[in-house]
Number of protein chains: 2
Amino acid sequence: MNDRQKLMQREILLGFWKVHILHHAGEGPVVGHWMLQELRHHGYDVSPGTLYPLLKRMEKNGWLSSEQDLKKGPKSPKRYLLTNEGRQVLALAKQQARELCRETTPSDTEDGEQ
Amino acid sequence: MNDRQKLMQREILLGFWKVHILHHAGEGPVVGHWMLQELRHHGYDVSPGTLYPLLKRMEKNGWLSSEQDLKKGPKSPKRYLLTNEGRQVLALAKQQARELCRETTPSDTEDGEQ
DNA sequence: CTCTTTCATTACGAATACCATAAACGATAA
DNA sequence: TTATCGTTTATGGTATTCGTAATGAAAGAG
């Protein structure tokens with residue numbers, strides 16, 4: 001991964017894939033390790049030291065809930081799901097994302113056009 | 001500002017308005033103090049302690065360049081402009097933002113539709 | 001049964017970023 | 001002179017990010 005990508009990652013993209021995470025958690029249970037790979041597929045390079053604390057924080061914030069089968073050991077997969085609060089946060093975030101797109105890319109339906 | 005908004009701000013929205021800043025800097029010189037108000041108008045509550053270091057960091061990253069008329073004192077307005085590197089970063093960020101929107105909102109033109 | 005690999009999380013410490021608030025400075029208005 | 005506005009810098013506590021290493025169970029190879 002090049003330098004620009006790395007700087008962007010921390011400064012900007014980080015916030016983007018947090019939204020991705022919420023979105024995924026809204027469609028079904030997500031597991032940290034799986035998310036790690038999913039993000040890599042999308043070109044993000046995330047370290048466990050970033051993702052796992054993030055997941056915990058989102059749970060603490062009330063955006064996600066988790067369940068883990070502790071009978072299968074302390075390192076058994078933890079499944080995260082979007083809560084109602086998380087759903088609202090996601091909705092707001094998506095709205096802001098759309099606004100960001102709208103404002104930063106010239107639209108054909110805006111005035112001042114032609 | 002309520003609790004949810006505050007958490008979202010740091011976790012997610014922060015990254016969004018960094019893109020806004022780059023965008024603005026691409027359209028003309030931006031000044032920290034002005035940006036601070038601009039962001040407030042858009043409902044973001046940003047403190048100087050966040051914004052000014054950010055601007056400096058973006059300059060250090062090569063995304064922005066700044067000019068200041070020091071004859072008018074050390075606290076005279078600093079005008080930031082988007083660099084070429086910044087332009088590329090902005091382009092990538094916009095692309096990712098669009099992808100975020102595309103993936104998180106069901107599109108009418110995707111397969112699996114209807 | 002032992003060894004290795006894979007799936008998955010936790011732990012940790014250094015570097016960085018965020019935030020509220022205070023201080024500073026010049027200009028302008030009262 | 002004093003106050004206010006526009007503007008940046010300074011500062012210190014707290015929270016995030018990151019790379020890496022440790023841990024543990026399960027599954028496959030031999």
Side-chain angles (χ1 to χ4, degrees), chain A residues 1-3 5-21 24-25 29-41 44-61 63-64 66-80, chain B residues 1-3 5-19 21 24-25 29-41 44-61 63-80:
Chain A
M1 168 146 339
N2 66 31
D3 214 46
Q5 197 69 13
K6 217 159 202 168
L7 288 172
M8 278 192 69
Q9 184 106 5
R10 181 154 193 180
E11 202 72 76
I12 297 174
L13 268 27
L14 204 59
F16 286 14
W17 53 260
K18 287 176 184 176
V19 182
H20 271 292
I21 291 175
H24 277 300
V30 304
V31 169
H33 189 256
W34 174 83
M35 199 69 221
L36 229 36
Q37 298 182 168
E38 170 75 5
L39 291 167
R40 291 220 178 87
H41 286 156
Y44 298 133
D45 176 32
V46 192
S47 94
T50 300
L51 184 71
Y52 286 104
L54 170 59
L55 255 14
K56 281 213 166 95
R57 201 162 58 245
M58 284 181 164
E59 186 176 13
K60 196 189 68 183
N61 289 352
W63 302 354
L64 299 177
S66 76
E67 46 179 43
Q68 187 178 27
D69 191 359
L70 282 171
K71 280 172 292 187
K72 300 205 172 172
K75 303 291 164 71
S76 63
K78 221 168 183 171
R79 291 173 306 283
Y80 287 93
Chain B
M1 171 147 335
N2 67 30
D3 216 46
Q5 197 69 14
K6 217 158 202 168
L7 289 170
M8 280 192 68
Q9 185 106 5
R10 178 151 196 181
E11 202 72 75
I12 298 173
L13 269 27
L14 203 59
F16 286 14
W17 53 259
K18 287 176 186 175
V19 183
I21 291 176
H24 277 300
V30 303
V31 168
H33 189 257
W34 174 82
M35 198 71 220
L36 228 35
Q37 298 183 169
E38 171 75 4
L39 290 169
R40 291 222 179 87
H41 285 156
Y44 298 133
D45 176 33
V46 193
S47 94
T50 299
L51 185 70
Y52 286 105
L54 170 59
L55 255 14
K56 281 212 164 97
R57 202 160 61 243
M58 285 182 163
E59 186 175 14
K60 195 188 69 184
N61 290 352
W63 302 354
L64 299 177
S65 64
S66 75
E67 46 179 43
Q68 187 177 29
D69 190 0
L70 282 172
K71 278 172 293 184
K72 299 205 172 174
K75 304 292 166 70
S76 64
K78 221 167 180 172
R79 291 174 303 284
Y80 286 94

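Reckoned from all heavy atoms, side chains included, excluding hydrogens, waters and symmetry mates. Please read all numbers here as calculations on a predicted model, not as lab measurements. Just so we're on the same page: letters track the sequence lines, and every chain starts at 1.
- Here A:Gly32 lies in heavy-atom contact (under 4.0 Å) with sugar-phosphate atoms only.
- Atom CD of A:Gln9 and atom P of C:dT16 are 16 Å apart (whole Å).
- At distances below 3.5 Å, at least one donor-acceptor pair connects side-chain atoms of A:Arg40 with backbone N or O atoms of A:Val46.
- The base of D:dA25 has none of its N or O atoms less than 3.5 Å from a complementary donor or acceptor on the side chain of A:Lys72.
- Toward the 5' end of DNA chain D, the nearer of the two residues B:Gln37 and A:Lys60, judged by each one's closest nucleotide, is B:Gln37.
- Remark: the B:Ser47 side chain and the C:dA20 base include a donor-acceptor N/O pair separated by less than 3.5 Å.
- For D:dT23, its base sits under 3.5 Å from the side chain of A:Lys75 at one donor and acceptor pair at least.
- Inter-residue side-chain proximity for B:Ile21 and B:Leu51 is flagged as met; some heavy-atom pair is nearer than 4.5 Å.
- The side chain of A:Glu11 lies closest to C:dA17, out of D:dT9, C:dA17, D:dA25.
- For C:dC18, the OP1/OP2 oxygens have a side-chain nitrogen or oxygen of B:Lys18 closer than 4.0 Å.
- Within the structure, a side-chain polar atom (N or O) of B:Tyr52 is placed less than 4.0 Å from OP1 or OP2 of D:dT8.
- Ranked by how close their nearest DNA chain D nucleotide is to the 5' end, B:Pro53 and B:Lys78 are led by B:Lys78.
- Counted within 6.0 Å of CG on A:Asp3, heavy atoms from surrounding residues, nucleotides or ligands total 12 or fewer; the atom is thus considered open.
- The nearest whole Å value for the distance from the CG atom in B:Leu36 to the P atom in D:dT7 is 10 Å.
- In this structure, A:Arg10 and B:Val46 both approach DNA chain C, and ranking their closest nucleotides by distance from the 5' end singles out A:Arg10.
- Between B:Lys18 and A:Glu11, at least one side-chain nitrogen of the basic residue sits less than 4.0 Å from a carboxylate oxygen of the acidic one, meeting the salt-bridge criterion.
- Separating the OH atom of A:Tyr80 from the C1' atom of C:dA8 is a distance of 11 Å, rounded to the nearest angstrom.
- When heavy atoms are screened at a 4.0 angstrom cut-off, A:Gly73 is found touching the sugar-phosphate backbone but no base atom.
- When the P atom of D:dT8 is taken as reference, atom CG of B:Leu54 falls 13 Å away, rounded to whole Å.
- One can place NZ of A:Lys71 at 18 Å from P of C:dT9, the figure rounded to the nearest angstrom.
- One interatomic measurement links the two molecules: CE of B:Met8 to P of D:dT16, which rounds to 15 Å at whole-angstrom precision.
- Between D:dT8, C:dT9, C:dC25, one nucleotide has an atom nearer to the side chain of B:His33 than all others, and that is D:dT8.
- Considering only side-chain N and O atoms, A:Thr50 lies under 4.0 angstrom from the phosphate OP1 or OP2 of D:dC18.
- The distance between atom CZ of A:Arg57 and atom C1' of D:dA15, rounded to the nearest whole Å, is 8 Å.
- Going from atom CG of B:Asp69 over to atom C1' of C:dG26 covers 12 Å, rounded to whole Å.
- Here B:Pro48 lies in heavy-atom contact (under 4.0 Å) with a base.
- Contact annotation: A:Lys6 does not reach the phosphate of D:dC18 (side-chain N/O to OP1 or OP2, under 4.0 Å).
- Counting only heavy atoms from C-beta outward, the side chains of B:Lys56 and B:Lys78 approach each other to under 4.5 Å.
- Counting heavy atoms from C-beta outward, B:Trp63 and A:Met8 have side chains that approach closer than 4.5 Å.
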